[in-house]
Each structure stands twice: as structure tokens, then as C-alpha cells.
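Chain identifiers are assigned alphabetically (A, B, ...) following the order of the sequence lines, protein sequences preceding nucleic acid strands; residue numbering begins at 1 within each chain.
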Protein chains: 4
Amino acid sequence: MIIKIDFESEVPIYEQLRRQIIEGIALGNLKLGESLPSVRQLAEDIGINLHTVNKAYNELKSDGYLNIDRRKGAVVSETLPESTEDFDKKLEEGFTYLISEAYLRGKKIDDILQLCSGIFKKYIKIDK
Amino acid sequence: MIIKIDFESEVPIYEQLRRQIIEGIALGNLKLGESLPSVRQLAEDIGINLHTVNKAYNELKSDGYLNIDRRKGAVVSETLPESTEDFDKKLEEGFTYLISEAYLRGKKIDDILQLCSGIFKKYIKIDK
Amino acid sequence: MIIKIDFESEVPIYEQLRRQIIEGIALGNLKLGESLPSVRQLAEDIGINLHTVNKAYNELKSDGYLNIDRRKGAVVSETLPESTEDFDKKLEEGFTYLISEAYLRGKKIDDILQLCSGIFKKYIKIDK
Amino acid sequence: MIIKIDFESEVPIYEQLRRQIIEGIALGNLKLGESLPSVRQLAEDIGINLHTVNKAYNELKSDGYLNIDRRKGAVVSETLPESTEDFDKKLEEGFTYLISEAYLRGKKIDDILQLCSGIFKKYIKIDK
DNA sequence: GTGGTCTAGACCACC
DNA sequence: GTGGTCTAGACCACG
């Protein structure tokens, strides 16, 4: 599992980390039940502070993507969180924002659908 | 054009404003060439700081959505910005993030495509 | 609203703070919608680090007791969180632990019920 | 006597063990004077570290629930500890915390009393 | 002024 | 070894 942080980005480091771990699970690079590196290890590998890794791990934990096992450290949850009303709302808002701007910049509906399909298909082969 | 700000959102107020103006244009609630309320006016209507409105207008201006006219104030640009490489990248990143999480939470590809279509179709009738 | 921290306690400071704020709401010392002191202010008053206060506020926020308003700082939520399955489970576990030990130490059922009633009645007059 | 450890709980393993032994006594699954499994045996059965079991046993011993007998190993004390001022204080604090949060989440006084009664009655039939 | 982020370093509890 | 807690100090975005 390779993590790439853009230190120039507006997106906070812990959030970039959180997103890449989620995508890592979706892509199958991280299996359910698999252990993640310790906060210290990962922090050193990336070259950031361990508290920043900790924050990412904790957010993922409270969203249900990770569990903290007292013996094994952070592990990918065996049962991923389900869709909630809040998530659906967040999803719709996110898409609305992206699509409205894409529309103004001349994207056609097929451009959007194709882009989404392409992304989704990278995940669709993974068995949960 | 009605603006709704969520003061408890994680999204900054100026950014919420920016997004709603973009969506307003996409929906046709704001016509190309139409004047927006003055900074002062809008700030008062929404009950926010004048600088906040200013920041939103300025961002929209530098993205090419608005022009600042000395006499008419802020007006929606007659020629909207085109798609750029940067925008395409931002679009793909945004979709990747949303879709990977949606996938993990059990959304199917059809759910996503349908959601996107539904959003896009609200715009597609508008004549630019 | 007076906060008392026991620096000798096994309970972490941020957790003591969290509990006292919850009890403060229950007692009516903190009204719904009321603003809390800023993290810096409260940290200084109690004589602890601002990050510790921040952690307490953030936990209360993610549990739904507080909102972070971009203009007013932390405010008590207008609509308190409802009971969830998780909470019910936590509640039962907490009671089970306390009562089993109390039983072994000779407490009678009436002692327990009276203690609980006494505590609850301090809250029961508050109008939400 | 069956022990169930949740390795992902926030409650330390030794504390989970300690609580379950106390509840085991309260439920009558462990009789007064009965021997507990050896540290080594129990650690192996549960699949945890030997030191962890040891810590639980030692805490129970210093609270007066267990005696360490050179020949028979750990045995449940014949005379259970009485209520102390410290314990009463801990009990009240524990209830206060649980009840205040339950109150905010909409629990009624009868919900609480019924829950407590239900728990207590599981113990009340046991002859000490 | 507010909270959010990041770094740094320390100590502790747990296993 | 692991994560959890606390402190300290810095900088930034926001309003």
C-alpha cells in the first residue's frame, strides 16, 4: 500500500491519508481484517508527525472503516459501514457541486457518466 | 435567487456561497449577464460579514464566472470558463473520493449513475 | 458553569470535561443553543492545554451534543441526540458493571433504585 | 464460567476480565470459596497474555474478591468486601454519568429503574 | 477573535 | 512494541 501526500494541497494531510486508505480498501490493496502500519511507522514512512496519522486513523475508526485491536493495532474492519442518511446527503451534495460546475464548463452528461463508470469499475472486481 | 447558508457546516461560508451561485447559474436562476446583488446588500440579506461575500465574488471572478463591472457591480459572465486540465484533474479526484467511499458503503454502479443523471438533468434544459 | 477537574483521577481530563458538560446540560446550567467558552478561554480557566479542551469539544460534537458554529464557536446543540442501539448497549453494560459490584458489596435493590431516582430527579424539572 | 473478551473494546482486557469475574460471582456461576483456573490455564483458554490475567487477579485480590492460596491458586473469597466510602462515591459518580447522558437522550426515570431492577434481579436469587 | 492543522516531545497504560 | 493522553508552540483560514 503506497501513500502519496501532496504537501501543497489545500486538503489537510490527515484527510488525504484518510481518503487514500478508503480508496485502498475499495481497490483491494487493503484486505478486510488486514493490519495497517503502526502510527509511528507510517508517520516515519511518509515523513509526517505521528499525531497526524493518528488523527486519520481515528476518523476512520469512528466512521467504522478501522478497528483498533489492542493486540494488533489498527486493522481494517471486517464489516464495513453501511450507507446512512447522512452519507447519502453528503454524497448528493458532493455530486451536485462537482456536476454543476462541470456542466457550466461544457461537460456533457455522457462525459460524467463515463468518468464515473470508469472509476467505479476499478473497484467492482473486489470481493468483500 | 435564494441563498441558504449552514453556519454549522464544515464548508466555509464563502465556499457555500460560491457553490450556490455556480449552481444558480447552472439551474438558470441566474442568467448570463445578469447582475448580482451588491456585496453589501447580499451580506445584509444573509446576515454574514461583508468580507465573506467579497471573497466568494472574487473567487468566482478569478475562475471566470463573474465579471466585476464598475457601474453594474458583479454580473454573471457572458462566456463561461472552459474546461481546463486542472479542472479535469480536480473533477476526477473529487469523483474518485466520493465513489470509492460510496462503493464501500454498498452503492451499486447504477445507484451512482442514476444519482448523477438526476442531478445533471436539472441543468440540461437550460439554454445558455 | 463551573468545571472541576481532578488531576489525580484515572479518568482522562478531556473525558471529565465531556461528562461535566453533559451533566451541565442535563442540570440546565447550560441551555440548548447556549455558547460555550472558547477553547482557549476554558483551557486557561481550568489551567489545562487548549488541545485537551478541543478534544472534549470534538467528542461532544461528534456525539451530537455540541455544534461548532463558524461565528459563535461551540454552542450546545438545539436538538440533542436520540438514543441509539449502541448507546443502549453501552448503558446496559455500564449499569451491569456497577450493579453487580454493588450487589456483592451488600447493596440492596432499593438502595440502587433510590440512588438512581435521586440522581434523575435533579434533571427532571428541566424543560428541553 | 465462560469469559468473552472484546479485543476491540476501549475497556482494557484485564478490566473486562475483572468485571466478568465479579459478575460471575454475582450470578452464582462462581461460588464463594471456589477455585479459579490458574493464570496460565486461563490465559491460554482466552488466548491472551499471561500477565494480563495476572493483573486482573491481583486487582481482584486487592479489592478483596479473591484470595491467592499457595496450593489452590486463586479462590473466590469466602467473605466479600463491604461497601466503603470510596466505593459509594465511585458508585454515585458512575450512576450520575450514565443517568445524565441517558436523560439527555430521552430516557425516562422508569426506563432507568426498570433496567436496573432487571439487572439486579438476576443476582438476587443467589445465596451467598 | 475563533477553531483547525501540524509539529515536537514527553509520559503512561496495555499487552 | 502498541496506542492514548497531555503539553507546548506555531501557523493558518475564517469571519
Q. How do Leu50(A) and Gln41(C) order along DNA chain E: which one's closest nucleotide is nearer the 5' end?
A.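 Final value for this comparison: Gln41(C).
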
**Q.** Closest-nucleotide ordering on DNA chain E, the 5'-leading residue of Gly47(A) and Ile68(C)
**A.**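 So the residue in question is Ile68(C).
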
When you measure from the side chain of [X] to the backbone of [Y], do you find a donor-acceptor pair of N or O atoms at a distance under 3.5 Å?
X	Y	result
Gln41(A)	Ser38(A)	no
Gln20(B)	Lys4(B)	yes
Arg70(C)	Ser9(B)	yes
Glu23(C)	Thr96(D)	no

Separation of [X] atom [atom1] from [N] atom [atom2], in whole Å?
X	N	atom1	atom2	value
Asp6(D)	dC15(E)	CG	C1'	15 Å
Leu42(D)	dC15(E)	CG	P	14 Å
Asn58(A)	dG4(E)	CG	P	16 Å
Glu59(C)	dC6(F)	CD	P	11 Å
Phe7(B)	dG3(E)	CZ	P	17 Å
Glu10(C)	dC6(F)	CD	P	13 Å
Leu60(A)	dG3(F)	CG	C1'	15 Å
Asp69(C)	dG4(E)	CG	P	12 Å

Could I get a table of every N or O pair under 3.5 Å where one atom is in the protein and the other is in nucleotides 12-15 of chain F?
residue, atom, partner, partner atom, Å
dC14(F), OP1, Tyr14(B), OH, 3.1
dC14(F), OP2, Tyr14(B), OH, 3.4
dC14(F), OP2, Lys55(B), NZ, 2.9
dG15(F), OP1, Ile13(B), N, 2.8
dG15(F), OP1, Arg70(C), NE, 3.3

Q. Is any side-chain heavy atom of Thr52(D) closer than 4.5 Å to a side-chain heavy atom of Ile46(D)?
A.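 No, their side chains stay 4.5 Å or more apart.
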
Q: Flag the pair Tyr65(A) / Arg105(B) as yes when at least one side-chain heavy-atom distance between them is below 4.5 Å, and no otherwise.
A: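 Yes, their side chains come closer than 4.5 Å.
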
Q) Using 4.0 Å as the upper bound for N to carboxylate O, is an ion pair formed by Glu10(B) and Lys90(A)? A)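 No, Lys90(A) and Glu10(B) are not salt-bridged.
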
Q.
If I take atom CZ from residue Arg40(D) and atom CG from residue Asn54(D), how far apart are they, to the nearest 0.5 angstrom?
A.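 The distance works out to 10.0 Å.
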
Q) For DNA chain F, which ranges pair as stems of 3 or more consecutive Watson-Crick or G-U pairs, with both donor-acceptor distances under 3.5 Å? A)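 Paired runs of 3+ in DNA chain F: E:1-14 with F:1-14.
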
Q) OP1, OP2 of dG3(F) versus side-chain N and O of Asn54(A): anything below 4.0 Å? A)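 No, because none of the side-chain N or O atoms of Asn54(A) sits under 4.0 Å from OP1 or OP2 of dG3(F).
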
Q: Measure from the ring center of Tyr57(C) to the ring center of Tyr14(C) and say whether it is less than 6.0 Å.
A: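 No, they do not, as the ring centres are separated by 6.0 Å or more.
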
